[in-house]
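A short write-up of the structure that comes next.
FYI, side chains are in, hydrogens and waters are out, and symmetry mates aren't considered; it's all heavy atoms of this structure. Since we're looking at a predicted model, the values are computed, not measured. Every number for a ligand or one of its atoms is a count from 1 in the order of the listing.
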Amino acid sequence: MNIKEKDQKYIMPTYGRLDVALVEGKGSTLKDSEGKEYIDFGSGIAVNTFGACDEEWVKAVTAQLNAIQHTSNYYYTKPCSDLAELLCEKTGMSKVFFSNSGAEANECAIKAARKYGTDKNPEKNIIITLKNSFHGRTVTTLSATGQDVFHKHFTPFTEGFVYAEANNIESLKALASPSCCAIMFECIQGEGGVLPLTQEFVEAAKKIADENDMLIVIDEVQTGNGRTGKLYAHEHYDIKPDIFSTAKGLAGGLPIGATLFSEKVKDVLPAGSHGSTFGGNPIAAAGAVNVLSRLDNDFLNTVEENSAYLWSKLREIKGVKSICGKGYMIGIETETDAKEILKKCLENGLLVLTAKDKVRLLPPLNITKNELDKGISIFKSVMESL
Ligand SMILES: *Cc1c(COP(=O)(O)O)cnc(C)c1O
């Protein structure tokens, strides 16, 4: 049996896979099992921050692999404590909880927000999230996700979520009350179509939260770790979250989740209240220390510059109606069907993603000018052929 046949025989068919098996890569150039090359404008959904097999990152990860791969959370490890220090120093947050995925990072944020509320009053447990959001695939994070399509099949869902319209301050006001413990949102709704929140909405959310003693919880799973040209997207809005979660690109391709807590809520989860066997795994943490320590201001300025170049080139392409997002988190509204464009790009050696009815680009943050130009030229010829 070949790769595809074996996969189809033995793996649950929850993913609509494309007809390609990727086997290796270097930077933003990947190769499939037939030896065909692709320019990567997807990073494995915003995960491979420095592309495939970045030399410095591989060195950091293998050094840890050769030291010890796992210890359990009964013991201290250096990568885990170094990573927590880096995260707190770079963001001004006070404490971190480590897990293994975005959904888990959000689960922790949700538990912490409920604990904060119910410590004050057992009824203070409602969390406001936004319509069109995406927060993960566990039963609770599906509940938090404000899209009806995600609320099927797996009833009963976790109670206690209500959904406001994104960028609609009145809708948020109508739901806020002292029974709410938090408002949770993505600064740019990724899966929802790469839709940024407005400055006014985020400022109003902060004010409404303060008036009702609610926490601001920000889901930076996709927007975080340099993706938008800032280390975390909330910096674009000049807002300080009480809690924020991140995952995807944090360890540059290894599974990790992190939930960060401000001074105000740093004691909200005491010993025994939460945990994870793999959370803060030393190999993933060593990868993340390498990633975070390299995301300095110079690097982020380059992301802003190079992504602006990509935006300007995309704007010139036939069939591109509009572009949204920030930095290297890009949604493209096109005249022809996004799924069709994705398939044609794949045939021609370019990996792109979609989000709702848009083409979505999330290239590795260190993609070279040469790789960018190759990718742009494939995208252009695909768009012209449709
Ligand atoms: C991907 C994503 C998640 C879920 O992360 P997993 O690692 O797949 O659990 C949650 N929130 C946002 C905003 C995401 O983009």
Donor-acceptor contact present, side-chain Thr354 to main-chain Val359, <3.5 Å: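 No: the side chain of Thr354 does not pair with the backbone of Val359.
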When you measure from the side chain of Gln147 to the backbone N and O of Gly192, does any donor-acceptor pair fall under 3.5 Å?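 No, because the side chain of Gln147 does not come within donor-acceptor range (under 3.5 Å) of the backbone of Gly192.
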Validate the cation-pi geometry between Lys369 and Tyr309: distance from NZ or CZ to the six-membered ring centre under 6.0 Å, angle to the ring axis within 45°.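 Yes, Lys369 sits over the ring of Tyr309.
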Taking the six-membered ring of Phe299 as reference, does the NZ or CZ atom of Arg294 fall below 6.0 Å from its centre and within a 45° cone about the axis?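 Arg294 over Phe299 ring: no.
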We want to know whether Lys356 and Asn132 form a side-chain donor-acceptor pair, criterion being a heavy-atom distance below 3.5 angstrom.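 Side-chain D/A pair, Lys356 to Asn132: present.
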Could you list the residues that satisfy salt bridge (charged side-chain N to carboxylate O under 4.0 Å, His left out) with Glu340, not counting sequence neighbours?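 With neighbours one apart ignored, the set is empty.
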At less than 4.0 angstrom from any atom of ligand 1, which residues have a non-hydrogen atom? List them by chain and residue number.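 Residues within 4.0 Å of ligand 1: Ser101, Gly102, Ala103, Asn106, Phe134, His135, Gly136, Glu186, Asp219, Val221, Gln222, Lys248.
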